[in-house]
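Chain naming here is simple, since letters A, B, ... match the order of the sequence lines and numbering starts at 1 in each.
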Protein chains: 2
Amino acid sequence: MKVSTRGKYAMIAMVNLALARGGNMVTVKELAAREGMSLTYLEQLFVGLRKAGILTSIRGPNGGFQLALAPEEIRVIDILKAVGETVDSLKDGAGARRPESGSEAEVLAGLMWEGLSAHVHVYLHQMTLKDVIQRAQSPCPAFSSLEELAT
Amino acid sequence: MKVSTRGKYAMIAMVNLALARGGNMVTVKELAAREGMSLTYLEQLFVGLRKAGILTSIRGPNGGFQLALAPEEIRVIDILKAVGETVDSLKDGAGARRPESGSEAEVLAGLMWEGLSAHVHVYLHQMTLKDVIQRAQSPCPAFSSLEELAT
DNA sequence: TTAAACTCGACTAAAAGTGTCAAGTATATT
DNA sequence: AATATACTTGACACTTTTAGTCGAGTTTAA
């Protein structure tokens, strides 16, 4: 129930590119240095992002990466999928192991996980890069104080 | 971004106990057999659940476990915490690594993760065991078709 | 031509997750 | 009091995933 560094690095990188939009291209080297990430590891992630079509690259001197689409057209979920981040609370494990049996309890618990999974998907699907750079928070949950939850 | 078997087994076990409420106590042995889980692994999880005060045990012949509270008083998040399931999308890793610097991009991405984390917490906090056994789905996201999301 | 910059695939080390095992302790029934 | 049932504890082993490295390329603008 946590996000891997792949997903986090990818988001930080994409936000960087979104902020640099309109200016020069951003090189992986610059980015890795600025954010304190491993150059080669970041390159790996960029391969996925480029293949997913959400960023483009130009080679040679003065080359680099830039967004392939406007920030409002890039969904967070697409960024995460591009780098192989699992976005599914029920993938594998119990609940998927014994498809033939499925006790009452297993089914009921499974519905709860599906509900959670749906929530997460909705959040990540509706949130675009533009929302992120505008510090937009999804207003959905009707809780004003989150401290209460830290029980 | 996925739930471990600990969390899943714990939920299945707790739903079982909730369904058996009013009847006899449930033994770990029965439960492990019925759900096809490892007996000793399940015992580990029950230790955590008992320590968290959400179930009680009676020893000796005809003993077993039962819920310590009414199903509507047991929150899913408490079950997950009891077995050590991490419920925090940003714990460790990037975003928490360089507290002193915090580039603009890192901060913005971090806010997004916090928003997601808050959503998940709200969902798991407001969902009780009673809701689960009543197949209640949280109505929050205004999406009617989830298939659309499987892009 | 060449240096900057991206591409690809294999590899390794560390961490987390998933259990197992053995030796107990407690207690309701007989 | 004996005993079978059932919970308790802690250490251990195995597997999978994640994180990050390495090196040998390919492309292209200056």
Side-chain angles (χ1 to χ4, degrees), chain A residues 1-10 12-13 17 24-33 35-52 55-66 68 80 82-89 91-97, chain B residues 1-10 12-13 17 24-33 35-52 55-66 68 80 82-89 91-97:
Chain A
M1 204 70 217
K2 66 185 178 191
V3 178
S4 68
T5 57
R6 272 210 281 283
K8 291 185 186 169
Y9 285 177
I12 293 173
L17 290 172
N24 292 330
M25 306 199 82
V26 176
T27 70
V28 178
K29 197 171 183 179
E30 274 172 20
L31 204 49
E35 302 292 348
M37 303 168 179
S38 151
L39 171 62
T40 52
Y41 192 37
L42 197 53
E43 279 176 340
Q44 269 184 26
L45 303 182
F46 270 61
V47 170
L49 293 166
R50 200 186 60 76
K51 282 185 179 168
L55 52 75
T56 57
S57 61
I58 292 184
R59 310 175 95 134
N62 300 322
F65 285 96
Q66 65 186 6
L80 300 181
V83 295
E85 178 72 53
T86 312
V87 182
D88 192 347
S89 29
K91 199 161 195 174
D92 302 331
R97 276 200 336 178
Chain B
M1 203 70 216
K2 66 186 178 194
V3 178
S4 69
T5 58
R6 271 209 281 282
K8 290 185 186 169
Y9 285 176
I12 292 173
L17 291 172
N24 292 329
M25 305 199 82
V26 176
T27 70
V28 179
K29 197 172 184 177
E30 274 172 20
L31 203 49
E35 302 291 348
M37 302 169 179
S38 151
L39 171 62
T40 51
Y41 192 36
L42 198 53
E43 279 175 339
Q44 269 185 27
L45 304 182
F46 271 59
V47 170
L49 293 166
R50 200 187 60 77
K51 283 185 178 167
L55 53 76
T56 57
S57 60
I58 292 185
R59 309 173 94 132
N62 300 324
F65 285 98
Q66 66 185 8
L80 301 182
V83 296
E85 178 71 54
T86 314
V87 181
D88 192 346
S89 29
K91 198 162 195 174
D92 302 332
R97 278 201 334 180

Between A:Phe46 and A:Glu43, does the side-chain contact (heavy atoms from CB on, under 4.5 Å) criterion hold? Intermediate values first, please.
CA-CA 5 Å; A:Phe46 270 61; A:Glu43 279 176 340; 5.6 Å; no
Within the pair A:Tyr9 and D:dG20, is there a side-chain N or O less than 4.0 Å away from OP1 or OP2?
yes
In Å and rounded to the nearest 0.5 Å, what is the [atom1] to [atom2] distance from [X] to [Y]?
| X | Y | atom1 | atom2 | result |
| --- | --- | --- | --- | --- |
| A:Met25 | A:Asn62 | CE | CG | 10.5 Å |
| A:Leu42 | A:Phe65 | CG | CZ | 8.5 Å |
| B:Met1 | A:Met1 | CE | CE | 4.5 Å |
| B:Thr56 | B:Gln66 | OG1 | CD | 4.5 Å |
| A:Leu45 | A:Arg50 | CG | CZ | 14.0 Å |
| B:Thr27 | B:Ile58 | OG1 | CD1 | 13.0 Å |

Which comes earlier along DNA chain C counting from the 5' end, the contact point of A:Met1 or that of A:Lys51, where each point is its nearest nucleotide?
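On the 5' side of the pair lies A:Lys51.
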Starting from the C-alpha separation in whole Å, work towards a yes-or-no answer on side-chain contact (heavy atoms from CB on, under 4.5 Å) for B:Val83 and B:Tyr9.
CA-CA 10 Å; B:Val83 296; B:Tyr9 285 176; over 6 Å; no
Where along residues 38-48 of chain B does a heavy atom come under 4.0 Å from DNA chain C, residue by residue in number order?
B:Ser38, B:Thr40, B:Tyr41, B:Gln44
Rounded off to whole Å, could you give me the [atom1]-to-[atom2] distance for the [X] and [N] pair?
| X | N | atom1 | atom2 | result |
| --- | --- | --- | --- | --- |
| A:Met25 | C:dA4 | CE | P | 18 Å |
| A:Lys8 | D:dA19 | NZ | P | 9 Å |
| B:Lys29 | D:dT5 | NZ | C1' | 8 Å |
| B:Leu49 | D:dC7 | CG | C1' | 14 Å |
| A:Arg50 | C:dA5 | CZ | P | 17 Å |

Nucleotide of D:dC7, D:dG20, C:dT7 approaching A:Phe65 most closely (side-chain heavy atoms)
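Of D:dC7, D:dG20, C:dT7, C:dT7 is nearest to the side chain of A:Phe65.
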Closest approach to the side chain of A:Ser4, judged atom by atom: which nucleotide of C:dT7, D:dC7, D:dA19 is it?
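So the side chain of A:Ser4 is nearest to D:dA19.
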Both B:Val26 and A:Glu85 contact DNA chain D. Which one's nearest nucleotide lies toward the 5' end?
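So the residue in question is B:Val26.
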Polar-atom pairs under 3.5 Å, protein N or O versus N or O of nucleotides 24-28 of chain C: list them with distances, or write none.
unit_1	atom_1	unit_2	atom_2	d
C:dT25	O2	B:Arg59	NH2	3.4

Report which part of the nucleic acid B:Arg6 touches: base, sugar-phosphate, or nothing (heavy-atom distance under 4.0 Å, all strands).
base
Please assess B:Met37 against B:Leu31 for the test side-chain contact (heavy atoms from CB on, under 4.5 Å), listing each intermediate value before the final yes or no.
CA-CA 8 Å; B:Met37 302 169 179; B:Leu31 203 49; 5.7 Å; no
Please find the pair of heavy atoms, one from A:Glu35 and one from A:Ile12, that lie closest to each other, and give the distance.
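Where A:Glu35 meets A:Ile12 most closely, the heavy atoms are CD-CG2, 3.5 Å.
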Donor-acceptor pair, distance only, cut-off 3.5 Å: does the side chain of B:Glu85 make one with the backbone of B:Ser4?
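It does hold such a pair.
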Using the C1' atoms of the five pairs at each end, what is the angle between the end axes of the helix from C:dT1-D:dA30 to C:dT30-D:dA1, to 10°?
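Comparing the axis at each end, I get an angle of 10°.
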